[in-house]
> 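Once you've had a glance at the structure underneath, I'll fire off some questions.
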Amino acid sequence: MTSIDDSAAVMARGLVKTFGANRAVDAIDLEVRRGEIFGVLGPNGAGKTTMVRMLATLLPIDGGRASVLGHDVAHEAHIVRQLIGLTGQYASVDEDLTGSENLRLFGRLRGLSRSAARGRAETLLEQFGLSDAAGRPARTYSGGMRRRLDLAASLITRPPVIFLDEPTTGLDPRTRGQMWTTIRTLVDEGATIVLTTQYLDEADQLADRIAVIDHGTKVAEGTPDQLKTLVGSSTLQLTLTDPMQLSAAASVLQQVIGETPAPTPELVRLTVPLADADRTADALIALRENGIGVESLAVQKPSLDEVFLALTGKDTEPSATDVQTRKEVA
Ligand SMILES: Nc1ncnc2c1ncn2[C@@H]1O[C@H](COP(=O)(O)OP(=O)(O)O)[C@@H](O)[C@H]1O
Ligand SMILES: [Mg+2]
């Protein structure tokens, strides 16, 4: 189709999926560039899986259109299927087959010859650290091993575009870290990755760009840094040597930075929004000139967590005090 931009790895315009009265995906636009990790960040029920399943030709599109590497998902589904790998939130491997048998089966289903399927299976088992477990039934695998086997199965034919639907949900931190390394390796080898996640730190760590979705709509898009900037500036946090100087310090900071500092519950600390981190030095100089001692200071960028809360206005949003406490814990 001439109207579809074939330079994008994945493109969606006004994508819609309805389940009865529920608009699970409600007019989403996406443009995933070749070679990037594109993060789709949203809470449970946001519409991530539904969107990915439409892009992967597994679910009919109710409105709008989508393409993968220039091929229309609805009209060229057979081509699109050759170009993508999909790893589901729930592993699609056969419990009773061994790791090796599972991968050889996927290879055969993907049209590889018997020997090609065996060779590819061995390579992938090796690459994913499953060689030792290759002869064991998948039901004996740990959660992390199953997830790796599932990912390996989706990579049998070296697809250029890989959809990873919550690849690390429910995994322990160490296994998540291994999965992150694997994902980065796939990109280094030339793949484009669309990764859905509920984990803010995962999107922050892995994704080049992130679309934040909630209730089927995209509420924001950008690099992790752009999203952080959307929510606001950095904050300057100061701990004073003498708590008695708190109000004096507050008025000095008000003059220098032009923002009203907020004291924390312990009353030795001040938190000031900071549009420009360079003003930190000005603030410190002014405090010293006024004889106010500073014990410690930190400049903090907002976390993606705060970004998400600010963008979606969830009522789970903690109070200002909670945010403060959480930052201190972090
Ligand atoms: N097969 C289905 N039938 C009816 N409703 C569905 C179906 N699949 C998903 N939904 C609904 O669509 C919305 C989005 O779900 P989903 O795409 O699974 O979200 P996520 O993957 O972000 O958790 C939810 O409200 C969910 O209940
Ligand atoms: Mg899902």
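The first residue in the sequence is number 1, and the count goes up from there. Reckoned from all heavy atoms, side chains included, excluding hydrogens, waters and symmetry mates. Just so you know, ligand 1 is whichever comes first in the structure, and atom 1 is the first atom listed for that ligand.
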> Are Arg136 and Met145 packed together at the side-chain level, in the sense that at least one heavy-atom pair is separated by less than 4.5 angstrom?
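In contact.
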> Which of the atoms in ligand 1, numbered in the order shown and given with their element, are less than 4.0 Å from a heavy-atom of Pro43?
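Counting from 1, the qualifying ligand atoms are 22 (O).
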> Check whether any N, O or S atom of Thr49 sits under 2.8 Å from the Mg ion (ligand 2).
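Coordinating: yes.
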> If we set the cut-off at 4.0 Å for heavy atoms, which region of Asn22 has an atom near ligand 1: side chain, backbone, both, or neither?
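For Asn22, only side-chain atoms sit under 4.0 Å from ligand 1.
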> Should Phe19 be counted as touching ligand 1, given the test is an N or O pair under 3.5 Å?
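Among all N and O atoms of Phe19, none is under 3.5 Å from an N or O of ligand 1.
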> Is it true that Gly45 lies under 4.0 Å from ligand 1, counting heavy atoms only?
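It does, in that a heavy atom of Gly45 comes within the 4.0 Å cut-off of ligand 1.
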> With a cutoff of under 4.5 Å between side-chain heavy atoms, which Ile, Leu, Val, Met, Phe, Trp and Tyr residues group with Tyr199?
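Hydrophobic cluster check, Tyr199: no partners found.
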> Could an N or O of ligand 1 be found under 3.5 Å from any N or O of Ala24, whether backbone or side chain?
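By distance alone, the answer is no.
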> Give the atoms of ligand 1, by number and element, whose distance to some non-hydrogen atom of Thr50 is under 4.0 Å.
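The list of qualifying atoms is 9 (C), 14 (C), 15 (O), 16 (P), 17 (O).
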> Would Glu31 and Arg209 satisfy salt bridge (charged side-chain N to carboxylate O under 4.0 Å, His left out), going step by step from the backbone distance to the final call?
CA-CA 10 Å; Glu31 201 156 319; Arg209 291 187 305 132; over 6 Å; no
> Taking only residues two or more places apart in sequence, or in another chain, which ones meet Leu97 in a side chain to side chain contact (heavy atoms under 4.5 Å, CB included)?
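Leu97 satisfies side chain to side chain contact (heavy atoms under 4.5 Å, CB included) with Asp94, Glu101, Asn102, Leu105 once adjacent residues are dropped.
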> Are there over 12 heavy-atom neighbours, none belonging to Gln127, within less than 6.0 Å of that residue's CD?
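More than 12 heavy atoms, drawn from other residues, nucleotides or ligands, come within 6.0 Å of this atom.
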> Walk me through it: do Asp150 and Arg147 pass the test salt bridge (charged side-chain N to carboxylate O under 4.0 Å, His left out)?
CA-CA 5 Å; Asp150 188 41; Arg147 216 61 79 86; over 6 Å; no
> Answer yes or no: is there an ion pair linking Lys48 with Asp165, defined by an N-O contact shorter than 4.0 Å?
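Salt bridge: no.
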> Show the atoms of ligand 1 that are less than 4.0 angstrom away from any heavy atom in Thr49.
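Every atom of ligand 1 under 4.0 Å from some heavy atom of Thr49: 17 (O), 18 (O), 20 (P), 21 (O).
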> State whether the shortest distance between N or O atoms of Ala46 and N or O atoms of ligand 1 falls below 3.5 angstrom.
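Min N/O separation from ligand 1 is below 3.5 Å for Ala46.
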> Which atoms of ligand 1 are found less than 4.0 Å from any heavy atom of Asn44?
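Going through ligand 1 atom by atom, the ones under 4.0 Å from Asn44 are 23 (O).
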